[in-house]
Amino acid sequence: MKPKFKILIIAGSDSSGGAGIQADVKTITSLGCYAMTAITAITAQNTTGVKSIVPIKPSNISEQIEFTAKDIRPDAIKIGMLHSRPVIIKVIKSLKKIKTNKIVLDPVMIAKSGARLINNAAILHIKNKLIKKVFLITPNMPEAEILTKTKINSIGDMIKAGKTLISLGAKNVLIKGGHLNSKQMHDILINKKIIKVFKTRKYLSKNTHGTGCTLSSAITTYLSCGKDLIKSCELGIKYVNEAIKSNLNLGKGNGPINHLNSITLNKRFK
């Protein structure tokens with residue numbers, strides 16, 4: 001099997017392998033595409049929490065992005081953890097040089113353990129500048145609350161927050177409903193024309209570390225293959241749900257999901 005499409009990941013590293021760059025590479029590879037990376041930060045973490053974060057210099061992040069893309073042009077780009085305003089400024093400049101339209105932003109702000117991963121200046125720059133530069137933004141409910149300064153307790157609140165992000169300049173927003181107190185999963189895709197609710201079965205498991213990173217990478221992968229936005233979101237959500245259902249149960253805390261479930265998924269949803 002040869003990968004046909006190439007994806008550049010701009011994100012932080014997770015030493016435990018469940019989230020961040022490691023989850024992104026596993027997802028993209030499992031779904032049959034080629035992954036490249038620009039690492040923004042190095043974290044020491046495991047399933048119980050984050051011990052330390054070492055930021056990479058903005059200039060080095062730009063070099064990773066531009067030098068990699070100069071040789072192997074990405075068909076799509078996934079952006080994860082951007083820890084500071086200077087990093088975001090550099091990333092935006094680098095993206096202009098690559099000129100790839102299929103860019104997915106997962107605005108990583110808080111780790112599963114509750115650890116804060118980026119500062120307030122970075123959050124403001126994501127809100128005011130970066131979301132306008134990407135094709136899709138995929139916040140979970142706490143991230144959407146931070147970006148919109150609203151409390152989300154229902155599907156209606158999710159839709160309202162999504163509309164707020166569209167008014168701020170986002171082209172497409174997928175708000176993930178994993179934090180919603182409901183029997184089903186509700187993920188909501190919003191743009192100026194549509195409101196699409198993806199309803200799926202909710203699997204009760206503590207092993208959900210890296211679901212956000214995985215979903216955004218899966219969607220990016222399907223977009224790179226030429227699938228439209230709705231289909232890419234649908235397939236990405238199915239991939240993550242199957243990965244949670246597998247219930248790996250590694251580690252003493254919030255364990256990772258099973259990225260290798262795509263071997264079955266590809267046969268069913270190819």
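Source: prediction; values computed, not measured.
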Legend entry - Distance-only polar pair, side chains of K90 and S62, donor-acceptor under 3.5 Å: no
Inset, instruction - May I ask you to check whether S217 and D24 show a side-chain donor-acceptor distance below 3.5 Å? - result: yes
Shortest non-hydrogen contact from [X] to [Y]?
| X | Y | value |
| --- | --- | --- |
| H186 | V197 | CD2-CG1, 4.0 Å |
| C233 | L174 | SG-CD2, 4.2 Å |
| E66 | S94 | OE2-OG, 2.7 Å |
| T220 | K78 | OG1-CB, 3.7 Å |
| T27 | H259 | OG1-CD2, 3.1 Å |
| I166 | N191 | CD1-CA, 3.8 Å |

Measure the spacing between [atom1] of [X] and [atom2] of [Y] and express it to the nearest 0.5 Å.
| X | Y | atom1 | atom2 | value |
| --- | --- | --- | --- | --- |
| I146 | I123 | CD1 | CD1 | 5.0 Å |
| I10 | I21 | CD1 | CD1 | 9.0 Å |
| K183 | L204 | NZ | CG | 11.0 Å |
| T211 | I237 | OG1 | CD1 | 12.0 Å |
| D106 | L136 | CG | CG | 9.5 Å |
| I9 | M36 | CD1 | CE | 8.5 Å |

Legend entry - Lys/Arg N to Asp/Glu carboxylate O, D187 vs K176, below 4.0 Å: no
